[in-house]
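Notes to accompany the following structure.
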Amino acid sequence: MIVTSCIFPAVSPLGKSAIAQVPGVYPFKLGDFTITVLSDGTLPQDLHTLLSNTNLTETDRLLQKNFLTNPVEASINAFLIDTGDQQVLVDTGAEPFLVQNWAASFKHR
């Protein structure tokens, strides 16, 4: 989904005024653009079912090497890109995948 600044005209770009850091909103500069990560939380992801071209043993070995266990928490984010002239909201929408895994995650709780 891409939405332009005509829908979000009140969003002020970073740099025109000081903006306090708030949870779930993470702005940073990329060249002349300001990109703001908008966190929608996390969701447990079972890497055994998500990853391909690997096996359970290799996946678990790499997780352990990085002090992680399966499932891992995956961030759900959208991005607001401020070009200076326009603001564009990017949300890739992984709904079918996330809904399936979200429902499965409740079975393990």
Does the side-chain contact (heavy atoms from CB on, under 4.5 Å) test come out yes or no for L38 and Y26, once each step is laid out?
CA-CA 7 Å; L38 305 168; Y26 307 97; over 6 Å; no

Can H48 and D60 be said to form a side-chain contact (heavy atoms from CB on, under 4.5 Å), step by step?
CA-CA 9 Å; H48 294 155; D60 288 341; 2.7 Å; yes

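Residues L80 and Q87 form a side-chain contact, since some pair of their non-hydrogen atoms from C-beta on lies under 4.5 Å apart. Counting heavy atoms from C-beta outward, V25 and T36 have side chains that approach closer than 4.5 Å. For the pair L63 and V72, the minimum side-chain heavy-atom distance is below 4.5 Å.
Taking both residues in full, the closest heavy atoms of N77 and D40 are given as OD1-N, 4.3 Å, listed atom of the first, atom of the second, then distance. Here the shortest heavy-atom pairing between G84 and D82 reads N-OD1, 2.8 Å.
Connection of L62 to L47 is not established within any shared hydrophobic cluster, with ILVMFWY side chains joined at heavy-atom distances below 4.5 Å, either directly or through further cluster members. L56 is not connected to L50 by any chain of hydrophobic side-chain contacts under 4.5 Å among Ile, Leu, Val, Met, Phe, Trp and Tyr, and they are in different clusters.
We find the CG-CD distance between L68 and E73 to be 11.0 Å, quoted to the nearest 0.5 Å. Note that the CD atom of Q86 and the CZ atom of F33 stand 9.5 Å from one another [nearest 0.5 Å]. Distance check: Q45 CD to I76 CD1 gives 6.5 Å after rounding to the nearest 0.5 Å. Remark: I35 CD1 to T83 OG1 distance equals 11.0 Å, nearest 0.5 Å. Summarising the geometry, atom CG belonging to L51 is positioned 10.5 Å from atom CD belonging to E58; distances are rounded to the nearest 0.5 Å.
Side chains of N70 and D46: a donor on one and an acceptor on the other come within 3.5 Å.
Enclosure of atom CG in N66 by more than 12 non-hydrogen atoms of other residues, nucleotides or ligands within 6.0 angstrom is indicated. Counting heavy-atom neighbours within 6.0 Å of Q64 CD, excluding the residue itself, gives a total of 12 or less.
Proximity of a side-chain donor or acceptor of N55 to a complementary backbone N or O of T57 within less than 3.5 Å is detected.
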